[in-house]
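Take a look at the structure set out below.
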Number of protein chains: 2
Amino acid sequence: MVNKQSPLPLYYQIEEHIKGLIDSGGLKPGDVLPSERELAESFNISRMTVRQAITNLVNKNLLYRKKGSGTYVSHHKFEQSLHGLTSFSEDMRSRGFEPGNKLIHFELSSPTEELVHHFSLQGEDLVYKIKRIRLANGEPMAIETSYIPVKLIPGLSQEILSKSLYQYVEEQIGIKLGHASQTIEASAATEDDAKHLQLELGEPVLFIQRETFQDDGAPFELVKSTYRGDKYKYKMNIERLR
Amino acid sequence: MVNKQSPLPLYYQIEEHIKGLIDSGGLKPGDVLPSERELAESFNISRMTVRQAITNLVNKNLLYRKKGSGTYVSHHKFEQSLHGLTSFSEDMRSRGFEPGNKLIHFELSSPTEELVHHFSLQGEDLVYKIKRIRLANGEPMAIETSYIPVKLIPGLSQEILSKSLYQYVEEQIGIKLGHASQTIEASAATEDDAKHLQLELGEPVLFIQRETFQDDGAPFELVKSTYRGDKYKYKMNIERLR
DNA sequence: AACGCATAGTTGTCTATACCAATTACCATT
DNA sequence: AATGGTAATTGGTATAGACAACTATGCGTT
């Protein structure tokens, strides 16, 4: 169940275990969990560690607590939709499409004025320019151009890009991603868009620009994406309206 | 500083104290806090209680921790930008435009099949159909068509619409709004769009559809909006990327 | 000057315990 | 059957301490 020798923190293992029960249907919305004291005894760990795991899941809206009564599985579990924003692949899978990538451009280039300003670059600083076609079931769905300062990831390679860039950055480089800011607008397909996305010149496209920041607030990445207007809808949930 | 006799939890008092320091400028973005042990000693409470306070502030993105280094004040403390989503007026004001409305259609109509299904209507149930032009500095910015089941607000009038519908609903009817679900897509201006928004036929527009729900999960409103593609960008923030 | 190492200081994880506050279940009285 | 009180159960708050993981810094060696 849980492994005290594992390098993974115990509270994290408990979190994953409970998440697994919810995903598998072993715990359904509205169900009550065993009490903190019971969980602590059955896993043979202290109650405070169980609380740490549960607190994290409560903060993620997967569980909610009722004092004097118990801890229950939430009914809304859609805060996850934000996660999909970082990953085209997960977004497509959730819509039932098989995601794909085609790298069409990868270079170290000198930054434009916009990039110098956005990343607060100086002197001879370079940026990676990564341009990809995003595919859904083999059909082109979007063009994505990403800019990252070279000094943040000195050894970036196509090898790494073919896997998960974000995982590499978090685990190997130790950069933690914090928040992001996005703008979404309707535009007309340029000649380049039309060529890569199999559209006519001037057809409507969705242009999304995302600025990603590290958890200390320093900028990490700038992504400009153009999605086919006829095949892609951006979906989002808003939690509280107050 | 902190009062052990107060009914307020100690960790909460610490939270408020630190928030106060940030608001007053005593702690600026990037500044490092005293270490958890120092804080514990100076307040004469245990380190775990200090940690609880700091953890809450980290979850609110006011602080961030660096293992082995210290705890720092975040640079970005932007509030829920989600609030603006419910109100065109606030959205425009935050961009420096003066918002305006022009009601061009208000009727009780029999629902389409889509609406029957969405609101789970039956028999003779009717819906309000409210169509408005949204203005920014007097210029047309969007067309908005809103549908609400009549049985939810039996006495809706143009009088009420000219003020704040949401305020009326919450305070007079007692309906509490919960979450919303939105899709955003790029489209081409229809003849009707072109006429009202002073565009050419086929020009790109941003089409936004929002489904609003009450806090018990029952549907409340369906809004379909068409924004000028050349003058409007949808802006959003994403808090945590994990 | 540059490098490596030891060290002190910091947050991260975990335990064991205690008492408080809210809810629930049960039982006796009415 | 309804009421009210009591006990058991549950989450909430708080303490004290231990060790691990990591970072920054200063010092000595090269």
Side-chain angles (χ1 to χ4, degrees), chain A residues 1-18 27 30-74 170-176 178 214-216 218, chain B residues 1-18 27 30-59 61-74 242:
Chain A
M1 219 64 108
V2 297
N3 177 5
K4 293 207 182 190
Q5 310 312 319
S6 164
L8 296 173
L10 287 176
Y11 71 86
Y12 182 79
Q13 295 183 46
I14 306 286
E15 272 184 64
E16 291 300 314
H17 180 254
I18 295 176
L27 281 172
D31 282 1
V32 61
L33 265 68
S35 76
E36 296 173 354
R37 288 171 178 84
E38 281 182 286
L39 286 171
E41 192 174 0
S42 70
F43 288 125
N44 198 27
I45 61 177
S46 82
R47 180 182 162 219
M48 290 305 288
T49 302
V50 171
R51 273 187 70 77
Q52 186 172 2
I54 290 180
T55 298
N56 287 342
L57 294 177
V58 167
N59 285 334
K60 288 179 185 166
N61 266 319
L62 280 172
L63 304 176
Y64 63 95
R65 296 202 245 232
K66 277 189 173 181
K67 191 193 295 191
S69 173
T71 303
Y72 301 82
V73 179
S74 294
E170 293 232 345
E171 293 178 4
Q172 302 300 317
I173 310 287
I175 288 179
K176 287 183 187 173
Q214 304 171 44
D215 66 351
D216 63 359
Chain B
M1 218 63 111
V2 298
N3 176 6
K4 294 208 180 189
Q5 309 313 319
S6 164
L8 296 174
L10 288 176
Y11 72 87
Y12 181 79
Q13 296 183 44
I14 307 287
E15 272 184 65
E16 291 301 313
H17 180 254
I18 295 175
L27 280 172
D31 282 0
V32 61
L33 264 67
S35 76
E36 296 172 354
R37 284 177 177 81
E38 280 182 80
L39 287 172
E41 193 174 0
S42 69
F43 289 124
N44 197 27
I45 60 178
S46 79
R47 180 182 163 221
M48 289 306 286
T49 301
V50 171
R51 273 185 72 75
Q52 187 172 359
I54 291 179
T55 298
N56 288 341
L57 294 177
V58 167
N59 284 334
N61 269 318
L62 280 172
L63 304 175
Y64 63 94
R65 296 202 244 232
K66 277 190 172 180
K67 192 193 299 190
S69 172
T71 303
Y72 301 82
V73 179
S74 294
R242 309 170 209 304

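By convention in this document, chain letters (A, B, ...) are assigned in the order of the sequence lines, proteins followed by strands, and residues within each chain are numbered from 1. Because the structure is a prediction, the values reported are computed rather than measured.
Within the 4.0 angstrom heavy-atom criterion, no nucleotide atom of any strand lies near Ile54(A). Residue Glu38(B) is classed as a sugar-phosphate contact, given heavy-atom separations below 4.0 Å to backbone atoms only.
Protein atom CG of Leu39(B) is 16 Å distant from nucleotide atom P of dG9(C), rounded to whole Å. To the nearest angstrom, C1' of dG9(C) lies 16 Å from CZ of Arg65(B). The nearest whole Å value for the distance from the CD1 atom in Ile14(A) to the C1' atom in dT13(C) is 13 Å. Atoms CG (Leu8(B)) and P (dC20(C)) sit 18 Å apart, rounded to a whole Å. The separation between Phe43(B) atom CZ and dA14(D) atom C1' is 16 Å, rounded to whole Å. The CD atom of Glu41(A) sits 14 Å away from the C1' atom of dA16(C) (whole-angstrom rounding). Between the CG atom of Leu33(A) and the P atom of dG11(D) there is a distance of 9 Å, given to the nearest Å. Atom-to-atom, CD of Gln13(B) to P of dA14(D) comes out at 8 Å; the value is rounded to the nearest Å.
In this structure, the side chain of Lys4(B) engages the main chain of Asn44(B) through a donor-acceptor pair within 3.5 Å. Glu36(B) places no side-chain N or O within 3.5 Å of a backbone atom of Val50(B) that could act as its donor or acceptor partner.
OP1 or OP2 of dT13(C) lies within a sub-4.0 Å distance of a side-chain N or O belonging to Tyr11(A). Residue Thr49(B) has no polar side-chain atom (N or O) positioned under 4.0 Å from OP1 or OP2 of dA14(D). Here Arg51(A) does not reach the OP1 or OP2 of dG11(D): none of its side-chain N or O atoms lies under 4.0 Å away. Side-chain N/O atoms of Lys4(B) include none lying less than 4.0 angstrom from OP1 or OP2 on dC20(C).
With dT13(C), dG11(D), dA14(D) as the candidates, the nucleotide lying closest to the side chain of Gln52(A) is dT13(C).
A salt bridge (Lys or Arg N to Asp or Glu O under 4.0 Å) check over residues 6-15 of chain A, counting only residues at least two apart or in different chains, returns the pairs Glu15(A)-Lys60(A). Among residue pairs with one or both ends in residues 45-72 of chain A, those qualifying as ring-ring contact (aromatic ring centres under 6.0 Å, His included) are Tyr64(A)-Tyr72(A); sequence neighbours excluded.
For the 3.5 Å distance criterion, the side chains of Thr55(B) and Arg65(B) qualify, holding a donor opposite an acceptor.
Contact of the Leu63(B) side chain with the Leu33(B) side chain is registered, since non-hydrogen atoms from C-beta on lie closer than 4.5 Å.
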Protein within reach of the bases, or only the backbone? For nucleotides 17-24 of chain D, mark each nucleotide 5' to 3' as B, S or -, using heavy atoms under 4.0 Å.
BBB-SBB-

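Comparing Glu36(B) and Ile45(A) against DNA chain C, the residue whose closest nucleotide sits nearer the 5' end is Glu36(B).
Summarising the geometry, atom CD1 belonging to Ile18(B) is positioned 10.5 Å from atom CG belonging to Asn56(B); distances are rounded to the nearest 0.5 Å.
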